[in-house]
Trainee: 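Pasting a structure below so you can have a look.
Just so it is clear, the model here is predicted, and its values are computed rather than measured. By convention in this document, chain letters (A, B, ...) are assigned in the order of the sequence lines, proteins followed by strands, and residues within each chain are numbered from 1.
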Amino acid sequence: MRKDLVFGMAGSGGDGIVSAGESLLNAAAAEGYHGMMTKSFGSQIRGGESSCRVRISTEHLLNPGGDLDVAVALNWEDFLKFGAELPVSGSTVVIYEAATKVEPDRIPLMGVTPLQVIPVPISEMAKATAGTERAKNTVVLGLIAGWFGIGREAVLKGFRKKLAKKGEDVLAANERAFYEGIKFAEAHPLNTPMTIALSDGAVSGKLMTDGNDMCAAAAIFSGCQFFSGYPITPSTEIMQFFTEHVWKYGGAVLQAEDEIAGIGAAIGASFAGKKSMTATSGPGLSLKTEMMGLASIAELPLVIVDVQRGGPSTGMPTKPEQSDLFAAAFSGHGDVVRPILAPTCVADTFRVTVEAFNLAEEFQTPVLILSDQEISQRKETLDPIDTSQFKIVDRIRPSEADLQNYNRFKITESGISPISHPGMLGGTYLASGIEHNENGSPTASGEVHQRMNEKRIRKFDPLQNRRDLFHTVGNPDAPLALVAWGSIAGVCQEAVTIAREEGLNVKMLVPYLVYPVAEGVYREFFASVQRGLVVEQSHLGQFYRVLRMYVDLPKGVESMARSGANPFRPSEIVVVLHRLLAELQRSQAGNLQPQE
Amino acid sequence: MRKDLVFGMAGSGGDGIVSAGESLLNAAAAEGYHGMMTKSFGSQIRGGESSCRVRISTEHLLNPGGDLDVAVALNWEDFLKFGAELPVSGSTVVIYEAATKVEPDRIPLMGVTPLQVIPVPISEMAKATAGTERAKNTVVLGLIAGWFGIGREAVLKGFRKKLAKKGEDVLAANERAFYEGIKFAEAHPLNTPMTIALSDGAVSGKLMTDGNDMCAAAAIFSGCQFFSGYPITPSTEIMQFFTEHVWKYGGAVLQAEDEIAGIGAAIGASFAGKKSMTATSGPGLSLKTEMMGLASIAELPLVIVDVQRGGPSTGMPTKPEQSDLFAAAFSGHGDVVRPILAPTCVADTFRVTVEAFNLAEEFQTPVLILSDQEISQRKETLDPIDTSQFKIVDRIRPSEADLQNYNRFKITESGISPISHPGMLGGTYLASGIEHNENGSPTASGEVHQRMNEKRIRKFDPLQNRRDLFHTVGNPDAPLALVAWGSIAGVCQEAVTIAREEGLNVKMLVPYLVYPVAEGVYREFFASVQRGLVVEQSHLGQFYRVLRMYVDLPKGVESMARSGANPFRPSEIVVVLHRLLAELQRSQAGNLQPQE
Amino acid sequence: MSETATPAMPFLPKDYKSDLKPIWCPGCGDFSVVQAIYRALASIGRAPHETAFISGIGCSSRIPGYTTAYGFNTVHGRSLPIAQGIKLANPDLLVLAAGGDGDGFSIGGGHVPHLVRRNMDITYIVMDNQIYGLTKGQLSPTSPKGRISCTSKYGSLEEPVNPLQYVLGYGANFVAQGSPADLAGMTAIIEEAIRFPGFAFVNLQSPCVTYGEECQQIKGLKAIMEPLASIGHDPSDRMKAMEIAQYYGQKLHTGVLYRNPNPPPTYESMVKQRQEELSKGAMPKEQILDLFIKR
Amino acid sequence: MSETATPAMPFLPKDYKSDLKPIWCPGCGDFSVVQAIYRALASIGRAPHETAFISGIGCSSRIPGYTTAYGFNTVHGRSLPIAQGIKLANPDLLVLAAGGDGDGFSIGGGHVPHLVRRNMDITYIVMDNQIYGLTKGQLSPTSPKGRISCTSKYGSLEEPVNPLQYVLGYGANFVAQGSPADLAGMTAIIEEAIRFPGFAFVNLQSPCVTYGEECQQIKGLKAIMEPLASIGHDPSDRMKAMEIAQYYGQKLHTGVLYRNPNPPPTYESMVKQRQEELSKGAMPKEQILDLFIKR
Ligand SMILES: Cc1ncc(C[n+]2csc(CCOP(=O)(O)OP(=O)(O)O)c2C)c(N)n1
Ligand SMILES: Cc1ncc(C[n+]2csc(CCOP(=O)(O)OP(=O)(O)O)c2C)c(N)n1
Ligand code: SF4
Ligand code: SF4
Ligand SMILES: [Mg+2]
Ligand SMILES: [Mg+2]
């Protein structure tokens with residue numbers, strides 16, 4: 001019995017492979033399992049290749065898994081297009097469409113000998129039972145139920161809900177196709193049975209959603225009443241959620257004419273006193289650069305979501321990457337600090353989004369949430385979240401006394417100045433992107449400029465102590481360490497678990513606050529570290545470089561970085577950890593310092 | 001006899017103080033001196049305060065000088081608005097308008113006792129001799145000629161040229177005012193005479209210009225045939241130069257509707273096979289962010305000038321700062337490397353601009369020139385430049401063989417692929433911002449993405465060895481060091497000269513190639529260094545941080561950073577160098593390691 | 001602007017004037033524009049703190065700082081998106097946007113049609129001096145063809161933008177033109193524009209005394225001025241307005257070119273209606289995650 | 001396009017078709033558009049390598065890749081500035097720009113008027129499907145008011161953009177409309193637009209079969225199609241064209257709405273003249289620093 005199974009399936013657009021994945025995930029969730037699903041498509045809008053990965057587990061999941069346990073190929077051409085996204089290994093069971101006429105010992109997976117390879121006449125079975133090839137995905141669900149024991153009941157229940165409107169005939173046809181799959185599986189048992197342990201999870205109250213919907217819901221929970229943005233993959237669903245729900249809370253949403261107007265209207269709403277948000281992906285973030293600077297110098301709260309995809313430029317719109325960190329931290333002329341938060345999964349997207357609004361309000365600043373294509377579009381089952389645990393922060397308003405002789409940009413001890421908004425009697429002021437005096441009037445004085453820069457940057461000092469925005473795993477004294485942020489952190493966390501099971505003394509640091517760099521947190525974390533890795537999905541190793549700017553990393557800490565759409569797998573990381581340990585032992589044996 | 005004199009003058013807009021400065025500079029140049037002039041204005045277009053600083057020397061000048069030797073205040077209110085830009089010290093002679101009715105021992109310069117303070121009835125003298133207050137600036141020139149021995153002949157000669165069209169009367173009136181100034185000076189000799197040594201400079205063939213004109217001229221020299229941009233202070237003069245001259249060389253210029261279109265048209269011209277350029281300042285750079293990424297992934301040569309001013313946002317449009325480095329290096333989503341070059345003065349703007357075009361063509365990449373408000377608008381006298389010494393690089397075009405089966409983005413050993421352009425038979429391809437295969441067709445493959453990122457970044461490796469893009473001063477073994485880029489490098493160079501005269505063993509590194517960081521160059525430079533400073537005009541110490549990303553700085557190297565419009569003075573830097581030396585000696589005495 | 005929010009207490013023009021001293025060149029047309037705005041606001045009578053005045057960057061864009069309204073001197077060309085966010089966040093505010101010809105029709109030109117078609121109750125005033133003032137005299141989008149300037153040393157090669165024709169083409173419901181050459185008329189136009197329930201556009205030919213040409217100064221403008229009232233123009237005739245707009249640059253037609261006699265509902269009124277309908281019975285935001293419960 | 005550069009050697013439509021397989025949805029209107037472009041280019045006869053085809057981002061913007069011209073699939077909304085740089089750098093090229101309604105009139109809308117007023121000889125083709133195809137069905141600027149989409153769950157609150165009216169308002173000298181609902185007509189229009197000496201705008205109602213509404217499909221379009229020839233429209237009548245343009249969204253008027261019978265000189269021809277005049281006797285660029293010599 002296994003704790004965990006990873007399915008990967010691919011076919012052409014019309015094959016309904018994604019909808020099969022969704023049925024499987026729903027069924028697993030209904031049976032009390034934890035589940036996670038990612039989708040991946042070719043560039044075509046319709047009819048191109050499409051794939052999904054569904055991971056099902058008896059325990060909380062941190063990432064969509066590495067090598068597949070089960071691969072389903074409705075045709076090989078499309079399957080192969082996903083390359084490293086659907087990795088088959090020696091322990092994978094490969095199920096494929098027999099009509100592809102490929103011999104089981106000739107499947108086009110160079111250099112890999114899967115655990116078992118099973119051709120199945122899927123379309124034939126679909127036609128025979130349901131009268132249409134379109135039921136292929138249902139046959140696949142039957143095969144999975146039969147071989148791996150997931151969803152026997154729940155898939156059918158799901159069909160009943162989903163197909164209710166389509167009438168009894170359709171439902172019956174699908175049931176027949178599903179049973180045909182089960183029958184085939186039962187008739188051809190696996191060489192090595194692969195069933196998953198019974199779930200111990202609660203069946204009711206579980207949530208299921210993806211990162212984009214979670215982000216939007218968290219924003220509304222935080223009191224966000226205004227969203228404006230421009231559609232861009234893979235962030236558009238955030239705006240879509242708002243267009244459905246925000247009106248209910250007295251809010252409004254504007255689909256702007258471009259990203260500049262998108263952030264512009266959000267800045268306007270913030271100036272008018274409302275919590276507001278914009279969301280985009282790489283190209284849009286680049287376009288918002290000038291306006292982000294305006295929000296910083298005008299000291300206006302604002303949350304900006306960047307759902308990272310492959311860059312630069314239009315790049316790889318449907319693939320995840322972590323290469324927008326430089327842009328998030330440093331885009332824009334002049335001296336600016338902009339806090340950046342990053343979720344590592346769908347579940348913590350809630351917490352991170354609420355925190356982003358809190359920081360924006362507290363520090364009167366734009367705050368960036370760096371999500372990525374994977375988190376934003378992957379579906380996860382999650383345990384219920386007790387929202388009453390979350391504190392909601394509002395910007396500090398001027399007191400009666402402040403309004404006597406109101407200075408909007410008063411240089412206070414904290415660097416934060418009480419902020420008024422239109423409609424507030426006595427609070428009128430001039431907001432501007434021009435350097436200004438405490439009262440808001442424009443200045444060309446170098447001294448004032450210096451004082452104002454100092455104020456605007458000093459105000460972030462308290463972030464240095466926000467240890468609650470970091471998560472650590474493992475033994476605090478470990479000499480081996482990993483640091484990772486965003487979606488890859490979930491992969492690393494699994495690698496740490498494996499490595500620790502294999503006896504390595506390794507620990508891990510996950511920053512939710514990615515920038516500014518909380519120097520003390522890293523200094524403490526690295527105190528015991530002699531060898532380590534900063535793991536990320538960006539060719540330049542952007543996070544590693546950003547850390548170096550502020551922290552003297554121990555000499556043995558390396559960058560492990562690769563472009564997006566080629567996710568690191570836990571096993572790869574574990575291999576490197578072993579290498580590092582060996583080096584460390586060698587150097588200790590020879591009493592050498594780590595080499596530069 | 002002095003080698004050097006620094007004049008600072010301020011008045012209100014109508015006082016003609018800047019035109020007096022220009023006459024002084026021209027006169028000094030005509031007499032064979034080296035000269036440099038910077039101007040500074042309030043925010044008003046007309047009628048606000050205005051000032052200039054003229055430095056005259058028998059030697060080549062590196063910066064506009066620190067404390068004033070001579071301060072001229074036509075009124076105190078305006079003079080004081082310039083604060084640290086016109087610093088008066090104990091060795092300054094202060095000349096001011098007697099009509100201000102301020103007693104010489106009551107001039108509003110708190111805590112400073114100038115060397116000498118001289119009220120002069122300037123406007124009275126102007127009216128008496130020229131019949132109009134408008135001749136005040138001419139009286140000032142007379143005073144300067146009388147007291148400091150500059151321009152007695154040449155100022156008058158300049159008048160004759162300049163006022164030729166205005167007729168004999170005007171000329172005569174100005175001559176009278178000028179002599180009146182001289183007379184006054186002769187009648188009231190200085191307590192401590194302050195005359196400048198005779199120049200030994202060549203009188204003819206000298207150039208005089210500012211950084212913007214120099215940049216544009218160098219671009220045309222480099223073969224640039226297309227400029228498009230959008231006006232913005234302090235870069236607009238580059239476009240203005242093009243609109244006057246580029247047509248003569250078969251080129252064209254487009255004043256675009258915004259900065260995005262500005263860089264867009266320049267990218268288009270480059271795609272069409274022409275060398276092209278755009279220029280802007282901070283806010284415009286921010287707007288160009290998305291398009292810069294396009295040029296990088298489409299591998300198109302392009303030179304982008306950013307004349308830095310105070311930021312963020314609209315900030316301080318008429319003041320210099322070095323705070324666009326982060327933006328220049330890191331603006332834009334995705335993994336990108338963009339070379340950045342920076343001139344340190346008007347003279348080397350030529351060399352840097354030519355180099356920028358060469359790098360752009362060689363590496364098929366956007367290259368940024370980071371100038372700043374000071375360099376761009378300050379006038380310098382310069383020795384003639386032998387343009388035949390400069391090599392001009394053109395992009396590598398596909399050979400006949402390449403065109404047989406042309407792959408525009410072929411992965412070559414160098415990472416550089418021969419580039420065709422519309423009109424070239426056999427060279428057609430699809431350029432795009434989407435990730436692409438070697439032949440240019442779009443791809444969603446993670447592996448291709450990784451290979452292409454690798455190619456696009458690897459191609460810059462040769463820059464690591466461009467030692468010719470660095471300048472060093474001082475003893476290579478010195479334990480004390482300075483690093484500085486851009487206009488502040490000239491200030492630091494003077495500080496080094498002073499420090500060395502005072503016996504400090506200090507050296508200095510000036511990078512013209514600011515990014516990517518040529519790690520080896522710094523490693524070598526820092527090998528001997530135990531204490532040092534990275535000096536720059538940005539609140540965050542951006543260059544110091546960028547260096548840290550790639551270089552393990554010796555522990556004793558500190559950041560010395562301050563917002564723009566408050567230029568460091570050589571003396572300030574020398575003070576810190578003494579402090580560092582003392583620390584070093586103490587630590588050596590106690591045999592301590594430098595403290596972290 | 002909702003009429004109900006108007007207080008009974010009267011305001012004087014000086015109540016809208018701030019302490020900040022304008023740094024415009026002596027004689028700049030924008031001095032008259034800000035005077036006209038003080039007067040128009042006073043006669044409308046909304047309190048300064050209930051007014052938001054948004055601009056871009058340019059000489060003209062300094063104008064909000066010279067009023068006692070909540071001002072926002074944003075970045076070049078972006079006053080309109082920001083103004084829209086303000087209006088949607090708080091529809092009760094009186095929202096004014098203003099700026100130069102470059103700000104509005106060059107860098108900001110892409111935003112104009114979208115505000116027009118959204119029809120929010122925002123008044124947009126362009127101080128059209130046909131030059132870039134703040135950056136010292138470059139070609140502006142409304143500079144006439146052939147104009148010599150520091151970026152067109154041998155004359156401009158482009159047809160100018162026609163702000164009136166553009167905005168009419170976008171389907172605006174209120175389009176007017178004025179000039180400091182007629183201060184009283186300009187004041188009346190601004191007031192009418194603000195009172196108009198929906199988006200209103202006002203083009204003001206405001207001379208730049210420093211970089212403008214002779215013919216663009218007050219005297220020159222007076223010479224080509226033709227009040228629309230004097231030629232009996234019917235401001236409800238859109239096609240006629242389009243025809244008149246073609247004379248932009250040759251004549252200075254002052255007054256209301258087009259005013260839709262049946263103004264459509266504003267965007268914010270539709271938003272309000274939607275909010276009212278949908279908020280009924282909505283789950284409290286503390287329970288929004290219940291949307292994700294798998295049942 | 002300079003006529004002199006046209007070679008005698010004839011090209012066939014297939015010579016303009018690249019090996020790249022379109023990834024449009026089966027039935028997408030853009031398939032017909034690219035066919036029409038192959039044919040129009042063949043009948044004009046300029047070699048593919050002397051043609052530059054620029055687009056932004058969107059389903060429609062993939063079109064340059066399906067031709068054998070030099071293609072540039074730029075970024076969203078920016079085809080026009082890039083096309084202008086290409087044209088100015090090499091006026092001998094035949095320059096085409098194309099993209100979607102969102103690309104051209106939402107994010108790229110600010111660039112259109114400036115190309116129009118510069119009047120470079122560039123043909124701009126918009127595949128107007130009144131939806132965002134590539135990003136899967138959001139509201140586009142030409143979506144009708146009330147349209148329900150994934151970003152307007154309760155219906156759009158905005159008036160749509162009217163591309164024909166806008167571009168006419170900008171003073172374009174050639175404005176036409178076509179549709180895959182009439183392939184032959186569309187081909188003729190595109191050819192005529194390319195041949196027109198100056199900027200030419202072609203709006204194509206090209207159905208999105210995946211996210212478009214019923215009435216926007218070929219059948220629906222045919223039902224509202226009204227060829228301009230059939231109503232005897234005189235394409236030299238600009239005011240009449242403006243009136244017809246008002247029916248955008250209700251009727252599908254195909255053909256040339258406006259063609260200036262006396263097209264003004266192009267920008268690039270004026271540039272050429274200037275280059276010729278000023279290059280005479282200019283100092284060689286190697287001596288350009290002599291400008292700075294103090295004498
Ligand atoms: C993004 C950006 N681009 C350019 C500028 C420089 N700039 C400031 S105002 C201006 C144009 C001013 O002209 P206009 O809008 O007509 O206003 P005016 O000064 O004539 O009133 C320009 C180009 C800027 N501040 N920001
Ligand atoms: C700067 C930027 N913003 C947004 C996007 C996402 N995006 C790509 S195409 C598109 C709109 C597509 O609509 P349209 O231009 O009408 O073309 P269609 O797909 O309908 O042919 C959007 C919003 C992007 N790629 N870049
Ligand atoms: S430059 Fe022109 S627009 Fe600007 S303040 Fe002066 S007169 Fe007015
Ligand atoms: S989504 Fe629409 S526009 Fe895009 S390819 Fe499919 S049918 Fe064509
Ligand atoms: Mg103007
Ligand atoms: Mg579209």
Trainee: So which residue, R78(D), R62(D), R118(D), ends up with the most heavy-atom pairs under 4.5 Å with chain B?
Mentor: R118(D)

Trainee: Assess whether side chain to side chain contact (heavy atoms under 4.5 Å, CB included) is satisfied between F292(D) and I385(B), documenting all intermediate values.
Mentor: CA-CA 11 Å; F292(D) 304 140; I385(B) 296 176; over 6 Å; no

Trainee: What do you reckon, is CD of Q287(D) surrounded by more than 12 foreign heavy atoms closer than 6.0 Å?
Mentor: yes

Trainee: At a heavy-atom separation under 4.5 Å, does L289(D) approach chain B through its side chain, its backbone, both, or neither?
Mentor: both

Trainee: Restricting to non-hydrogen atoms, name the atom on K285(D) and the atom on F221(B) that form the minimum distance, rounded to 0.1 Å.
Mentor: NZ-O, 3.5 Å

Trainee: Pick one of side chain, backbone, both or neither for F241(B), based on which atoms fall under 4.5 Å of a heavy atom in chain D.
Mentor: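 Looking at F241(B), just its side chain touches chain D.
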
Trainee: Please output the residues of residues 209-219 of chain B in contact with chain D, using a heavy-atom cutoff of under 4.5 Å, in numerical order.
Mentor: T209(B), D213(B), M214(B), A217(B)

Trainee: So if I take each residue of residues 250-262 of chain B and look for any heavy atom under 4.5 Å from a heavy atom in chain D, which residues do I end up with?
Mentor: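 Residues of residues 250-262 of chain B touching chain D at under 4.5 Å: G250(B), G251(B), A252(B), V253(B), L254(B), Q255(B), A256(B), E257(B), D258(B), I260(B), A261(B).
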
Trainee: Could you look at T74(D) and say if it's the side chain, the backbone, both or neither that has a heavy atom under 4.5 Å from chain B?
Mentor: both

Trainee: Tell me if the CG atom of D386(B) is crowded by more than 12 foreign heavy atoms within 6.0 Å.
Mentor: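 Count over threshold, so yes.
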
Trainee: I'd like to verify something: which residue of S270(B), S420(B), P442(B) has the highest number of heavy-atom pairs under 4.5 Å with chain D?
Mentor: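 The residue among S270(B), S420(B), P442(B) with the greatest pair count is S420(B).
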
Trainee: Please work out whether the ring planes of Y70(D) and F271(B) are parallel, tilted or perpendicular, with thresholds of 30° and 60°.
Mentor: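 If you compare the ring of Y70(D) with that of F271(B), the planes turn out perpendicular.
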
Trainee: Return the CD1 to OG distance between I57(D) and S432(B), rounded to the nearest 0.5 Å.
Mentor: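 Going from the CD1 atom of I57(D) to the OG atom of S432(B) covers 7.5 Å.
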
Trainee: Which atoms of A69(D) come close to chain B, meaning under 4.5 Å heavy atom to heavy atom: side chain ones, backbone ones, both, or neither?
Mentor: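 It is the backbone, since no side chain atom gets that close.
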
Trainee: Measuring heavy-atom distances to chain B, does I23(D) have an atom under 4.5 Å in its side chain, in its backbone, in both, or in neither?
Mentor: neither

Trainee: Measure distances from F350(B) to the heavy atoms of chain D and classify the residue's part below 4.5 Å as side chain, backbone, both or neither.
Mentor: side chain

Trainee: What residue in P48(D), S55(D), S79(D), G85(D) has the most heavy-atom pairs under 4.5 Å with chain B?
Mentor: G85(D)

Trainee: Do K248(B) side-chain atoms and A282(D) backbone N/O form a donor-acceptor pair below 3.5 Å?
Mentor: no

Trainee: Measure from the side-chain N and O atoms of T387(B) to the backbone N and O of E286(D), and report whether any donor-acceptor pair falls under 3.5 Å.
Mentor: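 Indeed, once roles are kept as given, a pair shorter than 3.5 Å links the two residues.
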
Trainee: Can you tell me which portion of P284(D) sits under 4.5 Å from chain B's heavy atoms? Options are side chain, backbone, both or neither.
Mentor: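 Backbone of P284(D) only, per the 4.5 Å heavy-atom cut-off to chain B.
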
Trainee: Specify which of A272(B), G264(B), A265(B), A431(B) makes the most heavy-atom pairs with chain D at under 4.5 Å.
Mentor: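 Looking at each of A272(B), G264(B), A265(B), A431(B) in turn, A431(B) comes out on top.
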
Trainee: When rounded to the nearest 0.5 angstrom, what is the spacing between CD in Q225(B) and CG in L88(D)?
Mentor: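 Atom-to-atom, Q225(B):CD and L88(D):CG are 12.0 Å apart.
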
Trainee: Below 4.5 Å from any heavy atom of chain B, which atoms of F53(D) appear? Answer side chain, backbone, both or neither.
Mentor: neither

Trainee: Start with the C-alpha gap between I82(D) and M291(B), add the side-chain angles, then the distance that decides, and say whether side chain to side chain contact (heavy atoms under 4.5 Å, CB included) holds.
Mentor: CA-CA 10 Å; I82(D) 291 178; M291(B) 281 278 191; 4.0 Å; yes

Trainee: Using ring pair (Phe, Tyr, Trp, His ring centres under 6.0 Å) as the criterion, list what pairs up with F226(B), not counting sequence neighbours.
Mentor: none

Trainee: Compile the donor-acceptor pairs under 3.5 Å between side chains in residues 421-430 of chain B and protein atoms, sequence neighbours left out, one pair per line.
Mentor:
none

